[in-house]
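Convention: sequence-line order gives letters A, B, ...; per-chain numbering from 1.
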Amino acid sequence: MKSQLVRQQFLDFFASKKHAIVPSSPMVLKNDPTLMFTNAGMVPFKEYFLGQKTAVDKRVADTQKCLRVSGKHNDLEEVGKDTYHHTMFEMLGNWSFGDYFKKEAIDWAWELLVEVYKIDKDCLYVSVFEGAEDDGLEYDQEAYDLWKKYVPEDRIINGNKKDNFWEMGAQGPCGPCSEIHVDIRSAEEKAKVSGRSLVNNDHPQVVEIWNLVFMEFNRKADGTLEKLPAKHVDTGMGFERLCMVLQNKQSNYDTDVFTPLIREIEAITNSEYGKNEETDIAIRVIADHVRAVAFAIADGQLPSNTGAGYVIRRILRRAIRYGFTFLNTKEPFIYKLATTLSQQMGDYFPELKIQKQLVTNVIKEEENSFLRTLDQGLVLLDGIIKNTEGTEVSGKKAFELFDTFGFPIDLTALILSEKGMTLDEDEFKKELEKQKTRSRAAAVVETDDWVILQEDAEKEFIGYDTLEANVNITQYRKVSSKKEGDLYQLVFNMTPFYPEGGGQVGDKGYLKEDDGNVIYIVDTKKENNLIIHFAKSLPKNPTQTFKVVVDEKERFRTACNHSASHLLHQALREILGTHVEQKGSAVHSKSLRFDFSHFAKMTADELRAVEDFVNSRIEDKISLEEYRNIPIKTALDKGAMALFGEKYGDTVRAIQFGKSVELCGGIHVQNTGDIWHFKIVSEGAIAAGVRRIEAITNNATKDFFLENTQVFSEVAEVLKNTKNPVKAIIDLQEENASLKKQVEALQKDKAKNLTGDLINQVETINGIHYLAVKLDLDQNSIKDLAFDLGNKIENLFLLVGTETDGKAFLSCYIAKNLVEAKQLDAGKVVRELGKLIEGGGGGQAYFATAGGKKPEGIEEALVKGKEYLK
RNA sequence: GGGGAUGUAGCUCAGUUGGCUAGAGCGCUUGGCUGGCAGCCAAGAGGUCGUCGGUUCGAGCCCGAUCUUCUCCA
């Protein structure tokens, strides 16, 4: 059974059980400080389980793209070594939000596996929660009884809290779960060892394929459990493993989920899968990682050096490294796989098809840059090896190579072992550990427990309509970090404060206590759908009702920038073409930043056209049309861009200014006329195929023009109010250049003359040509003069004194052959004579300078110079 | 967010405890030689040594601030 069909049958099956089939949510998460990537099928539905939002559909099923790079079995460095762990994978799931429970979940799971997928039921094992005394939890008899209808008792296994009790986090919804395992070993092996003993034992052919979670409790902050008012079902089935079972393969990588990629890698790298363990691992690593990277980029997450982008970069670099080391690829090649991947999965995940060009470009650029890093590292490593005595390279050096120059440690180890050398790994680990503790210490954030003042399920955002409100604090907590000190996070029963999101910064403002005391809100953020206000201090009496006020000026300027960024988006698509897509944005009160896909530097004409386009929309004074809580389809019908960054949700908000329609939760001006004026201040590249525009609006443009006019008028004034300052400046520059050359020539002439004069003053003492003079020249000219004279006169001993700004300087030049023959040292001369001008100095043996603060001493010094000739 | 590195000619980079009149290779210009795969020889142009400030007789080098790029960690 082809993998596409496996996926389709799952969805069809649950559709027939009245489930709404929803598309996969993005793999890359935005606006969730606790998580960077979707790492399980339930993540997009977290809010429903936490009771912060009510689901429209009570039954939902989907396949969700997930990414795991750390965890018990998903350490990035382990993926590829076995045949059944992945970074990116699909998780099939069905959900009940307060609807059906254990019976249906179990019945349907069995029906699907045995009747639809036709899995031999004798290969299936199930596990049931055995209970836990410390939590007062009993054996899950209900699940056991339900399973017993289908499964003989000897294949029902009891599981402990670790394996069979699922918790969302330290607090929150939780409940017992039931896992389904499948044994795909040969009959022979089954006869030898019972499958039962291999369940949950990391056997590659006895694997868990489906986990059914029955959420019925809430774990409170004090650790106790309470029954949830509504019970939920959350299930997750590993798609790749399911395919392995249904296609009778022994490895996920042998299914048609991976074989097209593996064939392509074999073709490109001229290698063969299945012949050699090292090659196989490398091919698996690349096949796995390219999926993770391609999906992430298609979701809008580009590789970068921080946060989620850094995780993506690390994954891609690991793939490059394996190719480099084991498949001998010295040129970029992984980017070529984007085509195969989009052909194979693009039908169900259209983002892969649409973003194929971007994915290709970005991966290729990353490959090039990392291969450069590797090249540089190889040279550095060579240097280290040459400077190493004995055969062990210090861990410190290896760490420096890794830390500062990004050269992978395993490559270092490999190259050393090829040369019969070793690496002090303990020292390396110590250095790495030091770095980690340093980073952690800097980022340490101590978070106190929430103090709950009142229960309020619905915490409304009222900031679209008002900037002020009388509110109560429902909960608060203290957060301490080294950087920011103590901050208090406050949650209100309702709030006019806009939390950071959709690229727009969080609102600032203040909160007023009864006695008139004001506490400033410095930022507003969202965490798990909770709007959190950051305050520097806590009100004296947190239970009173407060007046809270949003900073109107900041808010208005931010709104101008946000609306302008929508118009900018429209303008770019109009002028550059529809390949332009938003890749990120940042909207502040002072400026806006807009990242978008485009493959060339924008010309001055294009920039001007974009500015004109936006400004003409501003002049048209288009009124805002805002649609709240409309179904996503209605918004799309209005012409809103379907962004893949959107996750399945009940309703959306759409913002329309004329023909610009976008799904957006941000704050906007009532009329484009409010923006006043739009000005692009910079355009540049941030990654392959991605460009960034920075722009300003409203007051900022006023300041911008005022400042520029100011500079311009000053320039014009300096140029005597010429009509054409640009030409005047170019003329000046040319004139300046030619004058410089003339001056240089004149100086040479002058020096020649001076040399002529000086040559006549040279005395000959003991075969040495000696000259001591006081001149009125700067230090550089003296140097030039000295070397010039030195070239003309053999055996020269020159001593020059000068005086500038009340300071005295001495310079001494001694021909090199004299230095050697007579053991003379200009440095010594200058140091000793320097005492006469109350200073010191030094230099080389043939030329040295000294400076002092007693110009009267110069004459004496020049006279004394003769003494060195004896 | 924290640490490390980096910035010198159009490009790739040297520059040792401050003593330098800032270099090399490639590229460029000019002239000459030359039937051979990066032709050879000679001459030459090209530098605010990231920016600002400091220490010093003297700073590419040391100190402080700041920006760029790279990199590791969170």
*Does C72(B) have OP1 or OP2 sitting under 4.0 Å from an N or O in the side chain of Arg317(A)?*
yes

*How do Asp784(A) and Arg438(A) order along RNA chain B: which one's closest nucleotide is nearer the 5' end?*
Arg438(A)

*Sidechain N-carboxylate O distance under 4.0 Å for Lys434(A), Glu431(A)*: yes

*Below 6.0 angstrom between ring centroids: does that apply to Phe324(A) and Phe370(A)?*
no

_Pairing partner of C49(B) (Watson-Crick or G-U wobble, both distances under 3.5 Å)_ = none

*Is NZ or CZ of Lys525(A) both nearer than 6.0 Å to the six-membered ring centre of Phe534(A) and within 45° of the ring axis?*
yes

*Leu810(A) CG to G58(B) C1': how many Å, rounded?*
14 Å

*Do any side-chain nitrogens or oxygens of Tyr310(A) fall under 4.0 Å of OP1 or OP2 in C72(B)?*
yes

*Rounded to the nearest angstrom, tell me the gap between atom CZ in Phe370(A) and atom C1' in U69(B).*
17 Å

*Which one is paired to C26(B), where only Watson-Crick or G-U wobble pairs with both distances under 3.5 angstrom count?*
G10(B)

*asked:* Just the rounded figure in Å: distance from P of G58(B) to CZ of Phe847(A).
replied: 13 Å

*Nearest whole angstrom, please: distance from the C1' of U69(B) to the CZ of Phe405(A).*
13 Å

*For C20(B), give its Watson-Crick or G-U wobble partner with both distances under 3.5 Å, or none.*
none

_Any strand: nucleotide that pairs with U56(B) via Watson-Crick or wobble, under 3.5 Å_ = none

*Starting from P on C72(B), measure out to CZ on Phe407(A) and report it in whole angstrom.*
12 Å

*Would you mind classifying the nucleic acid contact of Gly406(A) as base, sugar-phosphate or nothing, using non-hydrogen atoms under 4.0 angstrom?*
sugar-phosphate

*asked:* Just N and O in the side chain of Arg313(A): are any of them under 4.0 Å from OP1 or OP2 of U71(B)?
replied: yes

*asked:* Under 4.0 Å, counting only non-hydrogen atoms across every strand here, what does Gly307(A) touch: a base, just sugar-phosphate, or nothing?
replied: base

*Check: Val505(A) main-chain N/O paired with His588(A) side-chain donor or acceptor under 3.5 Å*: no

*Going by modelled atom types, is there a donor-acceptor pair between the base of G19(B) and the side chain of Thr849(A) at under 3.5 Å?*
yes

*Quick one: do Glu77(A) and Arg321(A) make a salt bridge, cutoff under 4.0 Å?*
yes

*Could you state the atom-to-atom distance from CZ of Arg372(A) to P of C70(B) in whole Å?*
10 Å

*Starting from the 5' end of RNA chain B, give me the residue, Leu401(A) or Gly841(A), whose nearest nucleotide shows up first.*
Gly841(A)

*Is Gln844(A) near enough to C20(B) that one of its side-chain N or O atoms lies under 4.0 angstrom from OP1 or OP2?*
yes

_Under 4.0 Å, counting only non-hydrogen atoms across every strand here, what does Gly839(A) touch: a base, just sugar-phosphate, or nothing?_
nothing

*Can you tell me the distance, in whole Å, between the CG atom of Leu432(A) and the C1' atom of G3(B)?*
12 Å

*In whole angstroms, how far is the P atom of A74(B) from the CG atom of Leu76(A)?*
12 Å

*Do the side-chain N or O atoms of Arg440(A) get closer than 4.0 angstrom to the phosphate oxygens (OP1, OP2) of G1(B)?*
no

*How would you list all residue pairs meeting side-chain hydrogen bond (donor to acceptor under 3.5 Å, both in side chains) that involve residues 841-852 of chain A, not counting sequence neighbours?*
Gln844(A)-Tyr846(A)

